[in-house]
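Please read the structure below before turning to the comments.
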Amino acid sequence: HPALSLQLPELSKVSVLMRQRNKVENTLRAMQHAGPGTLQVISDFDMTLSRFAHHGKRAPTTHNILDHRLLIDEDCACNMRKLLKIYYPIEIDPSLTSEQKIPLMVEWWTKVHHLLIQQKIQRDMLAQAVQESGVILREGYEVFFDRLAELQVPLLIFSAGVGDILEEVVRQSQVFHPNVHVISNYMDFDANGVLRGFKGPLIHTFNKREGALLLAAPLPELRERPNVLLLGDSLGDLAMADGVARPHNLLTVGFLNDQVEERAESYVEAFDIVLVKDESMEVPNALLKFIT
Ligand code: TMP
Ligand code: MG
């Protein structure tokens, strides 16, 4: 469609893959027609709003930001890295089903949370660890967050990471606007501000459906908004919209950061728009600009 291509040249970049460009265009037009009052954005955090890599180096996830000597000792850091080496390849393995991955993800998160609890992490130290973790949000994040706030479009950040760290990153990036809602794994501190556990049901990469139904669906800000722009980097992230009561239009964007050749087919099959090794918010920002 030439008219839309003119308005959305970003979708013609070689890093953008679409199974059905027609469907994307029709959904975008329907969302534009319905207006920002009907829109909500649901986004994953780690490796979606945050970068996968920066200057050739892997950027930290919220869990990895905790790998700071103020918070955990060398031994704990070493154990966490060992677990990452074992379980991350399983998380992204295209030859395994989510059903096969789920027990192993529960194992990974449970082991890591146990290790963290043993470290008697102090709440007061989190901000500094985040500060020293460096640039982590994708290029163009300011436009993304600011535009949604300006339009009063709710942004639900739905993360299997660590909520306290996530919030601190968003706050320090100066984009924790009133329209931002977070569902994540939150730390539970004792009266002295020392970590003693994690609150609520565990969220890992492949149980976001349960989280969506239990935690996102009741949020009044989201309930009456039937048009959803969803951003994620894992196939498990697609379940983040399962709590939306009566969805009219759903447009899904998947960041394909790693194992590109092995996973391209499954991503193109599952997401409406796939962004290959794109460390920026350029496409989501263009979509928002078009819709609103
Ligand atoms: P997300 O839902 O915000 O993407 O957060 C989950 C990511 O966190 C997932 O892709 C794996 C990653 N992770 C780590 O990097 N280190 C860890 O120790 C754990 C448990 C998860
Ligand atoms: Mg992620």
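Just so you know, ligand 1 is whichever comes first in the structure, and atom 1 is the first atom listed for that ligand.
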Under 4.0 Å from a heavy atom of [X]: give me the atoms of ligand 1 that qualify, with their elements.
X	result
Thr61	14 (C), 15 (O)
Asp44	1 (P), 2 (O), 3 (O), 4 (O)
Phe45	3 (O)
Val112	18 (O)

Decide yes or no for [X] and [Y]: does some side-chain heavy atom of the first lie under 4.5 Å from some side-chain heavy atom of the second?
X	Y	result
Leu251	Val24	yes
Ile42	Val244	yes
Pro60	Ile136	yes
Phe158	Ser43	no

Is the shortest distance from a Lys or Arg side-chain nitrogen in [X] or [Y] to a carboxylate oxygen in the other one below 4.0 Å?
X	Y	result
Arg51	Glu139	no
Asp190	Arg196	no
Glu282	Arg138	no
Asp67	Arg81	yes

Just by distance, no angles: are the side chains of [X] and [Y] close enough, under 3.5 Å, to form a donor-acceptor pair?
X	Y	answer
Asp237	Ser234	no
Asp233	Thr48	yes
His54	Glu279	no

Please work out, at 4.0 Å between heavy atoms, whether the side chain, the backbone, both, or neither of [X] comes within that distance of ligand 1.
X	value
Asn64	side chain
Thr62	neither
Trp108	side chain

The Mg ion (ligand 2): which protein N, O or S atoms are under 2.8 Å away?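 Atoms qualifying: Asp44 OD2, Asp46 O, Asp233 OD1.
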
Query - Criterion side chain to side chain donor-acceptor pair (under 3.5 Å) against Tyr87, the qualifying member of Glu107, Lys101, Lys82 - result: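 Checked Glu107, Lys101, Lys82 against Tyr87; only one passes side chain to side chain donor-acceptor pair (under 3.5 Å): Glu107.
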
>> Would Glu91 count as a contact residue for ligand 1, given that I'm defining contact as a non-hydrogen atom of the residue lying under 4.0 Å from a ligand atom?
In response: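 It does; at least one heavy atom falls under 4.0 Å.
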
Nearest heavy atom to atom 19 (C) of ligand 1: which of Arg58, Arg81, His63 does it belong to?
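Going through Arg58, Arg81, His63 one by one, His63 has the nearest heavy atom to atom 19 (C) of ligand 1.
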
What residue and atom, counting heavy atoms only, is the protein's closest point to atom 3 (O) of ligand 1, and at what distance?
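Looking only at protein heavy atoms, the one closest to atom 3 (O) of ligand 1 is Ser159 OG, 2.7 Å.
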
Q) Got the closest protein heavy atom to atom 5 (O) of ligand 1, with its distance? A)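 Atom 5 (O) of ligand 1 sits closest to the protein heavy atom Asp46 OD2, 2.9 Å.
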
So for ligand 1, is Lys208 a polar contact partner (N or O within less than 3.5 Å, distance only)?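 Looking only at distances, the answer is yes, because the N/O contact criterion of under 3.5 Å is met.
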
